[in-house]
Amino acid sequence: MPLAESPFSCRLLDDLFLLSCVLVFPSYWFIDRLLSCVVSTSVERSQGPALRILLLVFGALLFALLFVLSLPLCVFGLLLWAPLHQIRRPFSYQRSVDPRDAPERTVAGGCSFTFRGTENGSACGPDGGSACGPDGGSACGPDGGSACGPDGGSACGPDGGSACGPEDVLLTAPCTGPLQGRDGPFEVSLVFPQSPDFLCLQEVFDGRASRKLRRCLSSSFPYILYDVGPSGPHGCGFKFFNSGLFLASRHPLVNAKYYIYPNARGEDALASKGLLCVKVYLGTTQEKQSIVGFMNCTHLHAPECDAAIRCDQMSLLLQWISDFQAENTQDGELVAFDVLCGDLNFDNCSSDDCLEQKHKLFSIYRDPCRDCAGRDRPGTMGTLLRQELLYHEAVNTPSRLKR
């Protein structure tokens, strides 16, 4: 049975949730614009102080006043929004093709799958919040969310040698299946793949950015999971944002489950970071055996000083992956791949990350760019774009960053 698209069990709850979002949105937008006026980006700072003074004097006052005036509607909307999140499934599903109408695919032994992962989409967050981040609201590059295009961000992620950041990874676990042996081959592409089977994004917090992404991607990726993770009151605190995870697939999704990390703290506790586990249907063998794959997407705790929290989260995700696969693997199914992708918020070379580098995760999942703890394979490159240098001529376009 395919996944239901709605995160609610009935249409009435869908409509009430939409109404609550409409009521909350004006306050959300005004406070977002207020933050954008107060917190400047690298480009705005380069334009001189006059513009900044105008924004602070007129823009900030205007949006502060509009925010106060919109609060009654916002409060009423939150009274609907918060309880609905308690009964909402923690993800939404967009399906532009019904899997029952799609032709049955026979998977041959020489078939392969391409994973486009992974990408931090800070430009897919609210403008004001993104400007407060270390990347100045443009982690995807100065083109802002340029991963939508075939060459946008082509130097980012494992496809470009992890150049988008040394913390973004795509890990594979050995599987026994028709496509590869237990230690079967895999390859890291040096160019942006033209027709990836899967796309994994993080930090897609803003609903407007999510809608735009889904419109751009739906013709190539008929199956998309978005708005992943709970918001509002939760067992481990109030969550102002969802997880930011976003998964697009060319293949039907059979099952999905979201697990939230219980140990976040500081600014990371504002978002419901966790692990998204997905089972994907790939087709059948010539003998009519079902072939499936498992995708696991995550975004670990960010603050550099909290290595112990990240290690605990990696231990949790290993247990959750094991539980999900035990619950969702049917007798006779062949598993083609088991992939973990996302932003782990540490790298394999920095001495400050030595605790995470030695985690047992890397004895179960294999990083194609890693030789051993503390040492990457030749040719592996990573970079961290500092906010004050984000628009430097050497890196201010995808092609220049790649070069």
Side-chain angles (χ1 to χ4, degrees), residues 2 93-99 101-121 124 140-141 143 145-164 168-172 175 177-180 184-202 204 210 212-226 245-254 256 276 278-285 291-297 335-342 368-369 398-399 401-402:
Y93 181 37
Q94 174 177 296
R95 186 181 64 202
S96 53
V97 173
D98 192 324
D101 298 334
E104 187 65 40
R105 181 186 182 192
T106 301
V107 181
C111 186
S112 64
F113 300 94
T114 304
F115 302 87
R116 177 67 182 97
T118 181
E119 189 87 72
N120 262 5
C124 297
C140 292
D143 296 318
S146 55
C148 298
D151 52 18
S154 58
C156 297
D159 303 306
S162 299
C164 191
D168 297 332
V169 297
L170 190 148
L171 309 177
T172 59
C175 293
L179 309 182
Q180 61 178 39
F186 59 90
E187 180 183 352
V188 179
S189 172
L190 296 178
V191 295
F192 193 98
Q194 292 301 307
S195 301
D197 293 278
F198 305 97
L199 174 67
C200 172
L201 302 176
Q202 298 87 49
V204 185
S210 174
K212 186 171 183 179
L213 271 173
R214 285 181 276 128
R215 283 199 303 270
C216 290
L217 296 172
S218 60
S219 60
S220 299
F221 297 94
Y223 312 99
I224 297 176
L225 289 180
Y226 64 97
L245 295 178
F246 182 102
L247 177 67
S249 170
R250 292 183 183 273
H251 305 276
L253 309 182
V254 182
L276 175 65
V278 179
K279 180 181 179 182
V280 184
Y281 178 73
L282 302 171
T284 62
T285 65
I291 302 174
V292 299
F294 289 101
M295 286 282 295
N296 309 285
C297 310
V335 179
F337 56 77
D338 175 5
V339 166
L340 170 63
C341 60
C369 295
S399 60
L401 177 60
K402 182 179 178 182

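What you see is a predicted model, and the numbers here were worked out from it, not measured in a lab. Along the sequence shown, the residues carry numbers beginning at 1.
- We find the CG-CZ distance between D197 and F115 to be 7.0 Å, quoted to the nearest 0.5 Å.
- Residues Y223 and V280 have side chains not in contact (no heavy-atom distance under 4.5 Å, counting atoms from C-beta outward).
- Using the six-membered ring where Trp is involved, F198 and H251 have ring planes that are tilted, between 30° and 60° apart.
- With contacts defined as side-chain heavy-atom distances shorter than 4.5 Å, the pair Q202/L245 qualifies.
- Between L199 atom CG and L247 atom CG the span is 8.0 Å, to the nearest 0.5 Å.
- When the side-chain hydrogen bond (donor to acceptor under 3.5 Å, both in side chains) test is applied to Y226, no partner is found at least two apart in sequence or on another chain.
- Across all non-hydrogen atoms, the minimal contact from P222 to R250 is CD-CA, 3.8 Å.
- A pairwise comparison of heavy atoms in S96 and S218 identifies OG-O, 3.6 Å as the closest pair.
- Remark: I224 CD1 to R95 CZ distance equals 13.0 Å, nearest 0.5 Å.
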(request) Output, in order, the C-alpha distance, side-chain angles, deciding distance and verdict of side chain to side chain contact (heavy atoms under 4.5 Å, CB included) for L213 and L201. (result) CA-CA 11 Å; L213 271 173; L201 302 176; 3.7 Å; yes

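- Between L225 and A256, the closest heavy-atom pair is CD1-CB, 3.9 Å.
- P196 places a side-chain heavy atom less than 4.5 Å from the side chain of F221.
- Counting only heavy atoms from C-beta outward, the side chains of V339 and F113 never approach each other to under 4.5 Å.
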